[in-house]
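Working notes for the structure below.
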Protein chains: 2
Amino acid sequence: MTPTTQRSGWAEQAARALTEAGYRRGGARRAILELLDEQACALSAQEIQRALGGRRRAVSRASIYRVMEELEAIGVVQRVELGQGIVRYEAVRRGPGHHHHLVCDRCGRLEPFTDAGLERAISRLSDRVPLKVSVHEIVIHGACRVCAR
Amino acid sequence: MTPTTQRSGWAEQAARALTEAGYRRGGARRAILELLDEQACALSAQEIQRALGGRRRAVSRASIYRVMEELEAIGVVQRVELGQGIVRYEAVRRGPGHHHHLVCDRCGRLEPFTDAGLERAISRLSDRVPLKVSVHEIVIHGACRVCAR
DNA sequence: GCAGAAGACGAGATCGAATCTCATAAACAT
DNA sequence: ATGTTTATGAGATTCGATCTCGTCTTCTGC
């Protein structure tokens, strides 16, 4: 097949997790997993549908939402909402690949960032909180260089 | 009037900011400001409409969304999206009152929290980021004590 | 292999939060 | 007061997300 991704085999892990959870194989799921594995940042359902329709295999909206729900349920995908009223999805990765988001509220530009200090603070916090923590999400809003001028 | 709030005069500050930005006074705005000032945590448009309809002065959906947009534009209100696909709004406060959110993904329970370490990390980060930062938002997802059992 | 059962998928209907339109009511300046 | 501008509300509209249900595919047992 294609060499697909530089970053480990997230898609393979996810596929395995699906199997273990009792799901069968399917073309839509496979296409979606491969696409998500290639992304550096979060995609909306619409973006996913377009990307898959262009190259690869077309997938219906219904399948996208359904598969995303399954992937989120088994913990390999995270929904993120970055302030434009639409839901985005991205692969959950540990270590490298794990990131958060900078959003330009004027042009909508989206950029990932990482920060060790922040992760440390969150990790410490996670133990003190009245919640069995699954994932966290940090969004920094502002004006990007172009828009701030 | 009512003693309204323990925490400074957020509503008054916001009203002043509106005036300075060239807006006139209006019943809907006033009611919304007072309601937001009393809240410990974020409210959805629907929750705002219900709360205002119950006591106080009924306000239309159109006005709620319009006023929220204005308040966000002048920086006194922040939109937050906590993962249920609906937008919530809350007063932007500095120091006490400033908080982030714990969300139970099973029952939807929403709880505010604060953490000095986190704020320090974010503040340091803000200087290094290619963005003129306005606000930040941290959401921790998990299962609350009741749901996790 | 092959047939049957169970699950995966897609097309289109449906839902509902958010937005838009436009007529009317309030606020402000003079 | 009076005219002008802005604020507000009722209802239509948009569009992302969800649901329905018939068809296609995968898997299991023979």
Side-chain angles (χ1 to χ4, degrees), chain A residues 14-35 42-53 56-74 77-90 105 108 110, chain B residues 14-35 42-53 56-74 77-90 105 108 110:
Chain A
R16 211 172 309 131
L18 279 170
T19 301
E20 280 166 21
Y23 292 101
R24 295 185 179 175
R25 289 143 180 270
R29 282 208 195 99
R30 206 167 97 80
I32 290 173
L33 288 182
E34 287 178 8
L35 179 69
L43 292 183
S44 68
Q46 190 177 241
E47 288 166 344
I48 292 171
Q49 184 165 32
R50 272 197 202 127
L52 291 178
R56 223 183 297 267
R57 175 188 190 287
V59 169
S60 72
R61 234 158 311 151
S63 291
I64 293 172
Y65 286 112
R66 192 188 313 115
V67 171
M68 288 309 172
E69 195 180 325
E70 296 162 358
L71 294 174
E72 195 196 3
I74 63 173
V77 157
Q78 177 176 3
R79 292 162 59 104
V80 296
E81 293 179 54
L82 303 175
Q84 291 101 40
I86 62 173
V87 175
R88 290 170 184 276
Y89 303 89
E90 66 183 1
D105 289 328
L110 182 59
Chain B
R16 213 172 307 131
L18 279 169
T19 301
E20 280 166 22
Y23 293 102
R24 295 184 180 175
R25 291 143 178 263
R29 282 208 194 97
R30 206 167 97 81
I32 289 173
L33 288 181
E34 288 178 7
L35 179 70
L43 291 183
S44 68
Q46 191 178 234
E47 288 167 344
I48 292 170
Q49 185 166 31
R50 271 197 204 127
L52 291 178
R56 221 181 300 266
R57 176 189 188 285
V59 171
S60 72
R61 233 157 315 153
S63 291
I64 292 173
Y65 286 111
R66 190 189 314 113
V67 170
M68 288 309 171
E69 195 180 326
E70 296 163 357
L71 294 174
E72 194 195 4
I74 62 173
V77 156
Q78 177 175 2
R79 290 163 57 104
V80 296
E81 294 179 53
L82 302 175
Q84 291 102 39
I86 62 172
V87 175
R88 290 169 183 277
Y89 303 89
E90 65 183 2
D105 288 329
L110 182 60

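What you see is a predicted model, and the numbers here were worked out from it, not measured in a lab.
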Legend entry - Out of D:dA10, C:dA18, D:dT8, whichever nucleotide has its closest atom nearest the side chain of B:Val67: D:dT8
Inset, instruction - Could you state the atom-to-atom distance from CZ of B:Arg25 to P of D:dT6 in whole Å? - result: 17 Å
Inset, instruction - May I have the distance from B:Ile48 (atom CD1) to D:dT8 (atom P), rounded to whole angstrom? - result: 14 Å
Legend entry - N/O donor-acceptor pair under 3.5 Å between A:Glu90 side chain and A:Gln78 backbone: no
Inset, instruction - Compare side-chain N and O positions of B:Arg29 against OP1 and OP2 of D:dA7 and report whether any pair is under 4.0 Å apart. - result: yes
Legend entry - Interatomic distance, B:Arg50 atom CZ to B:Leu43 atom CG [nearest 0.5 angstrom]: 11.5 Å
Inset, instruction - Using whole Å, report how far CD1 of B:Ile86 lies from P of D:dA17. - result: 14 Å
Inset, instruction - Taking only the side-chain heavy atoms of A:Ser63 (C-beta and beyond), determine which of D:dG9, D:dA17, C:dC9 contains the nearest atom. - result: C:dC9
Inset, instruction - Using a cut-off of strictly less than 4.0 Å, decide whether A:Tyr65 has a side-chain nitrogen or oxygen near OP1 or OP2 of D:dA17. - result: yes
Inset, instruction - Could you say whether B:Arg57 or B:Arg61 is positioned toward the 5' end of DNA chain D, judged by the nucleotide with the nearest heavy atom to each? - result: B:Arg57
Legend entry - B:Arg30 and B:Glu34 ion-paired at < 4.0 Å: yes
Inset, instruction - Map B:Tyr89 and B:Gly26 onto DNA chain C by nearest heavy atom, then report which one ends up closer to the 5' terminus. - result: B:Tyr89
Inset, instruction - Write down the atom of B:Ala14, the atom of B:Leu33, and the distance for their closest heavy-atom approach. - result: CB-CD2, 3.7 Å
Inset, instruction - Could you state the atom-to-atom distance from CE of A:Met68 to C1' of D:dT18 in whole Å? - result: 15 Å
Legend entry - Inter-residue atom distance A:Met68.CE - A:Arg79.CZ, 0.5 Å rounding: 11.0 Å
Inset, instruction - Using whole Å, report how far OH of B:Tyr23 lies from P of C:dC28. - result: 15 Å
Legend entry - Touch class at under 4.0 angstrom, heavy-atom based, for A:Ala28 against every strand present: sugar-phosphate
Legend entry - Terminal helix-axis angle for the helix from C:dG1-D:dC30 to C:dT30-D:dA1, with five pairs defining each axis and rounding to 10 degrees: 40°
Inset, instruction - Rounded off to whole Å, could you give me the CG-to-P distance for the A:Leu43 and D:dG16 pair? - result: 15 Å
Legend entry - Closest non-hydrogen atom pair between B:Arg29 and B:Arg24, with its separation: NH1-O, 2.7 Å
Legend entry - Gap between atom CG of A:Leu18 and atom CZ of A:Arg25 - 0.5 Å precision: 10.5 Å
Legend entry - Value in whole Å for how far the P atom of C:dA18 lies from CD of A:Glu81: 10 Å
Legend entry - A:Leu110 versus A:Ala42, closest heavy-atom pair with distance: CD2-O, 4.1 Å
Inset, instruction - Would you state whether a donor and an acceptor, one from the side chain of B:Arg66 and one from the base of D:dG9, lie under 3.5 Å apart? - result: yes
Inset, instruction - Using whole Å, report how far CD of B:Gln84 lies from C1' of D:dA17. - result: 15 Å
Inset, instruction - Looking at every strand, decide which applies to A:Gly85 at a 4.0 Å heavy-atom threshold: base, sugar-phosphate, or nothing. - result: nothing
Inset, instruction - Find which nucleotide of DNA chain D each of B:Ser60 and B:Arg24 is nearest to by heavy atoms, and output the residue with the more 5' nucleotide. - result: B:Arg24
Inset, instruction - Pick base, sugar-phosphate or nothing for A:Ala58, based on heavy-atom distances below 4.0 Å to the nucleic acid. - result: sugar-phosphate
